[in-house]
Amino acid sequence: MTEVKNKYTRSNDLYERALKTIPLASQTFSKSALNLVKGASPLFLESGSGCYVVDVDGNKYIDYVLGLLPVVLGYCDPDVDLSIQNQLKKGISFSLSTELELELSEKLVRLIPCAEQVRFGKNGSDATSAAIRLARAYTGKDKVALCGYHGWHDWYIGTTTRAVGVPKAVCDLSISFPYNDADALESILKANTDEIAAVILEPVSIEEPQSNFLHDVRSLTEKYGVVLIFDEIITGFRIDLGGAQKYYGVTPDLATFGKSLGNGMPISAIVGKQKIMHCMEDIFFSGTFGGEALSLAAAIATLKKIENTNAVERITSVGKRLKEISKDIISKYSLEKFCIVKGTDWWPRLQVNGNDEISNIVASSLLRQELLEQGLLMTGGYNLCLEHDNDEIITDTAQSFDKAMAAFAHNISLKSPENQLRGDPIQAIFQVRPDKK
Ligand SMILES: Cc1ncc(COP(=O)(O)O)c(C=O)c1O
């Protein structure tokens with residue numbers, strides 16, 4: 001390790017203090033020090049504006065993490081914030097329902113093909129878990145076939161390497177299948193005839209659906225009498241205002257939304273066909289904050305603004321430009337072996353690959369360190385918001401990315417690249433979306 005800089009003094013001090021009262025010093029694995037080169041990275045942020053954030057040491061970054069994607073318009077969006085302020089004057093949590101619930105449900109029903117009825121939660125995990133319970137209640141079956149990431153609850157996390165604390169009996173009810181492999185899904189459905197309640201998947205993530213994959217999944221779930229759930233927590237209001245189901249023309253039975261819905265306010269939604277959603281009246285999906293008014297007001301304002309500003313198209317075209325820029329810079333430094341631009345235009349990803357001489361972890365750590373050094377807060381690629389749609393920001397990003405790649409190329413050309421780390425390497429938590437080369 002070379003000498004640790006002083007640029008992150010307050011972050012490091014807060015981290016040491018936080019460890020005494022907060023396990024991992026963070027509420028979210030992906031926002032914790034595990035995901036950064038601790039000692040050479042900011043660990044605490046203080047404020048955000050547009051697509052910029054400032055850390056507790058006063059360092060400013062163009063943010064390509066965006067709180068893990070809820071910030072779709074930008075930090076402190078004036079229209080969304082005004083709506084929150086107006087609602088704040090009336091109250092936050094009430095003793096009965098409010099009209100805001102109807103207004104937002106009606107909007108979602110208008111936008112999303114499968115949405116005939118809607119219920120709200122706070123986290124994406126609330127919505128995915130409610131969808132699973134609903135499917136089990138509707139079909140009278142227990143097992144679930146799944147693909148992608150779906151949150152922290154037992155039925156999903158029990159299928160990952162982070163299954164500690166989940167009863168084996170629960171793990172045994174969930175079966176994973178690979179994306180773009182309808183045959184694998186059919187084998188599961190055949191081998192568990194009359195036992196599978198639901199198939200849940202992210203309709204698209206890093207990989208695009210190949211040939212007829214989503215249509216095949218739809219046909220298989222119909223053939224085997226299984227509820228099809230699209231987890232649109234990431235795709236929602238980013239790929240299309242009507243979700244991936246609208247974009248690809250495949251309508252599931254239920255779908256879950258969260259993240260971008262409230263531009264950072266905690267709100268999620270489960271939507272779907274009336275005949276299944278009706279079972280909400282029988283199951284128990286009920287919480288103190290389901291109708292919390294600030295988030296509902298924020299969501300109504302967010303959707304209105306996404307619609308009125310053509311945010312989906314504009315974010316997609318920024319992503320396309322950044323993908324091309326990044327590819328050119330990677331090839332300028334002959335780094336294709338180490339760094340691949342992947343993903344869709346609306347969600348460009350950067351895949352880092354190690355080799356025999358440099359591990360994935362060291363390569364990823366070095367890259368993250370150099371991106372931060374150049375003022376880019378970026379982990380897995382470009383999470384985008386409307387405020388990135390600005391030529392100056394794209395030019396700044398290109399220049400910073402170029403300098404970061406130059407430093408990365410230099411570091412990995414040295415005999416012991418790990419010695420170029422100015423802090424602790426990142427630590428793998430678990431791989432949600434395994435890389436396919
Ligand atoms: C596709 C998908 N589903 C579900 C979730 C869980 O959402 P939350 O973290 O808000 O509970 C996430 C979170 O990253 C997600 O990406």
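When a ligand or atom number is given, it counts from 1 through the structure's own listing order.
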Original post:
Is it the side chain (CB and beyond), the backbone, both or neither of Ile233 that lies under 4.0 Å from ligand 1, heavy atoms counted?
Top reply: side chain
Subject >> Asn383 and Arg349: CA distance, side-chain angles, deciding distance, side-chain hydrogen bond (donor to acceptor under 3.5 Å, both in side chains) verdict >> reply: CA-CA 8 Å; Asn383 291 356; Arg349 310 280 80 210; 2.8 Å; yes
**OP:** Considering the heavy atoms of Ser125, write down every atom of ligand 1 situated less than 4.0 Å from one of them.
**Re:** 6 (C), 7 (O), 8 (P), 11 (O)
**OP:** Taking Asp77 for its side chain and Gly74 for its backbone only, find out whether a donor-acceptor pair lies under 3.5 Å.
**Re:** no
**OP:** Number the atoms of ligand 1 from 1 as they appear, then name those within less than 4.0 Å of a heavy atom of Ile234, with their elements.
**Re:** 16 (O)
Original post:
Any N/O of His150 closer than 3.5 Å to an N/O of ligand 1?
Top reply: no
**OP:** May I ask you to check whether Tyr64 and Thr397 show a side-chain donor-acceptor distance below 3.5 Å?
**Re:** yes
Subject >> Under 4.0 Å to a heavy atom of Glu202 - the qualifying atoms of ligand 1, by number >> reply: 1 (C)
Subject >> Short N-O contact, Glu370 and Arg422, less than 4.0 angstrom >> reply: yes
Original post:
Does any donor atom in the side chain of Tyr224 or Glu186 lie under 3.5 Å from an acceptor atom in the other side chain?
Top reply: yes
Subject >> Proximity flag Lys259 to ligand 1, non-hydrogen atoms under 4.0 Å >> reply: yes
Original post:
Numbering the atoms of ligand 1 from 1, which are under 4.0 Å from a heavy atom of Asp231?
Top reply: 1 (C), 2 (C), 3 (N), 4 (C)
**OP:** Could you go through the side-chain contact (heavy atoms from CB on, under 4.5 Å) check for Leu146 and Trp155 one step at a time?
**Re:** CA-CA 10 Å; Leu146 57 86; Trp155 65 269; 3.9 Å; yes
